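Sequence lines set the chain letters: A, B, ... in the order given, protein chains first and strands last, and positions in each chain run from 1. The structure presented is a predicted model; accordingly, all values stated were derived computationally and were not measured.
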Number of protein chains: 2
Amino acid sequence: MSATHLNVPVPVPADGDCAIRDICEFVGNKWSVLVVILLGQRVYRFNELHRSIEGISQRMLTLTLRKLARDGLVTRTPYATVPPRVDYQLTDLGRTLLEPLTALNTWAETHQSVIRAARRHHDATETPSGS
Amino acid sequence: MSATHLNVPVPVPADGDCAIRDICEFVGNKWSVLVVILLGQRVYRFNELHRSIEGISQRMLTLTLRKLARDGLVTRTPYATVPPRVDYQLTDLGRTLLEPLTALNTWAETHQSVIRAARRHHDATETPSGS
DNA sequence: CGGTATCCACCGGGATACTG
DNA sequence: CAGTATCCCGGTGGATACCG
């Protein structure tokens with residue numbers, strides 16, 4: 001064994017001293033994850049991202065990009081052209097995040113059918129239609 | 001290239017056919033992650049978990065455990081003793097999740113100081129107190 | 001094009017009280 | 001001990017309108 005043991009302080013503290021809680025704040029925002037993944041492929045412009053992520057609103061894309069920039073994961077590069085243009089790309093730091101994200105994505109792809117089966121089974125078993 | 005490229009459909013679909021969106025639903029719930037991590041160490045009883053995760057309410061712990069059980073990640077084992085007792089533990093499937101979660105946690109631990117520095121720098125730079 | 005500002009609906013989730 | 005039920009508040013995030 002080795003990688004299957006996470007050393008997390010118990011009790012898990014509520015404050016900011018817990019790395020895993022910190023990352024959950026980030027991953028919790030599904031938009032952040034999607035943006036990082038897309039930017040992992042290439043540089044994107046604002047509206048490219050907007051079109052590439054189904055269901056995200058302009059507002060959420062803005063907020064997400066701002067947060068990612070604040071955390072030093074992406075850079076924002078505006079050009080004083082007309083029409084205006086802004087490029088977004090991952091920083092070196094942001095790129096390092098792709099690896100654990102890939103691991104997670106691989107896990108999701110590998111096991112999603114099993115999970116859905118478990119879910120269906122559970123629903124069929126534990127939620128009898130009373131009548 | 002190799003592990004730094006995620007193959008995600010673009011545009012990222014809004015429906016359930018996207019594994020990464022599925023996993024975000026899960027990881028989005030910080031409680032789920034914490035519970036899985038704790039159960040990665042050993043079997044827990046309900047109130048042990050409750051005490052071990054600062055800030056979680058009884059309600060959220062219940063909901064979280066239910067969802068994890070539904071997805072086939074944990075098992076619930078009640079004993080007909082008095083006082084009653086319920087054990088929770090990871091399934092084999094749940095245990096496989098520990099590895100990607102570990103990767104993520106390692107990343108968080110490794111880079112959290114850099115991120116916080118970036119954040120402070122950004123706040124100090126971009127949010128000047130106007131005067 | 002790439003945003004910002006405002007309004008508002010929804011629901012995640014805490015607090016509390018009660019039960020098997 | 002291990003929950004369930006109810007109430008209710010606040011933040012998340014969509015829709016819309018406007019700006020440089």
> For nucleotides 15-20 of chain C, read 5' to 3', which letter fits each nucleotide if B means a protein heavy atom sits under 4.0 Å from the base, S means only the sugar-phosphate is that close, and - means neither?
Replying inline: B----B
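For the pair His50(B) NE2 and dG3(D) C1', the interatomic distance rounds to 11 Å; values are reported in whole Å. dT4(D) atom C1' lies 10 Å from atom CG of Leu63(B), rounded to whole Å. As a whole-Å value, the separation of Asn47(B) CG from dA2(D) P is 5 Å. Atom CD1 in Ile56(A) sits about 12 Å away from atom P in dG3(C), given to the nearest Å. Between Met60(A) atom CE and dG13(D) atom P the separation is 4 Å, expressed in whole Å.
Closest approach of Gly72(A) to Thr91(A), counting heavy atoms only: O-OG1, 2.7 Å. Ala19(A) and Ala108(B) make their closest contact through O-CB, 3.6 Å (heavy atoms, listed as atom of the first residue, atom of the second, distance).
At least one side-chain heavy atom of Asp22(B) sits less than 4.5 Å from a side-chain heavy atom of Arg116(A). Side-chain contact between Asn29(B) and Lys67(B): present, with at least one pair of heavy atoms (C-beta onward) separated by less than 4.5 Å. For the pair Ile23(A)/Asn105(B), no side-chain contact is recorded, criterion being any heavy-atom separation below 4.5 Å from C-beta on. In this structure the side chain of Trp31(A) never reaches within 4.5 angstrom of the side chain of Leu61(A), judged on heavy atoms. You'll find the side chain of Leu49(A) reaches within 4.5 Å of the side chain of Leu39(A), heavy atoms only. Looking at Leu65(B) and Arg76(B), their side chains never come closer than 4.5 Å, going by heavy atoms from C-beta outward.
Sorted by residue number, the members of residues 65-78 of chain B with any non-hydrogen atom under 4.0 Å from DNA chain D read Arg66(B), Arg76(B).
Distance check: Thr75(A) OG1 to Asp87(A) CG gives 8.5 Å after rounding to the nearest 0.5 Å.
When the options Ile37(B), Thr64(B), Leu38(B) are evaluated for a side-chain contact (heavy atoms from CB on, under 4.5 Å) with Ile53(B), the one that passes is Leu38(B).
The shortest distance between the side-chain N/O atoms of Tyr44(B) and the OP1/OP2 oxygens of dC1(D) is not below 4.0 Å. The side chain of Tyr88(B) places an N or O atom within less than 4.0 Å of a non-bridging phosphate oxygen (OP1 or OP2) of dG3(D).
Axis angle, first five pairs versus last five pairs of the helix from dC1(C)-dG20(D) to dG20(C)-dC1(D): 50°, rounded to 10°.
Put simply, the side chain of Arg70(B) never gets that close to the backbone of Asp123(A): no donor and acceptor are under 3.5 Å apart.
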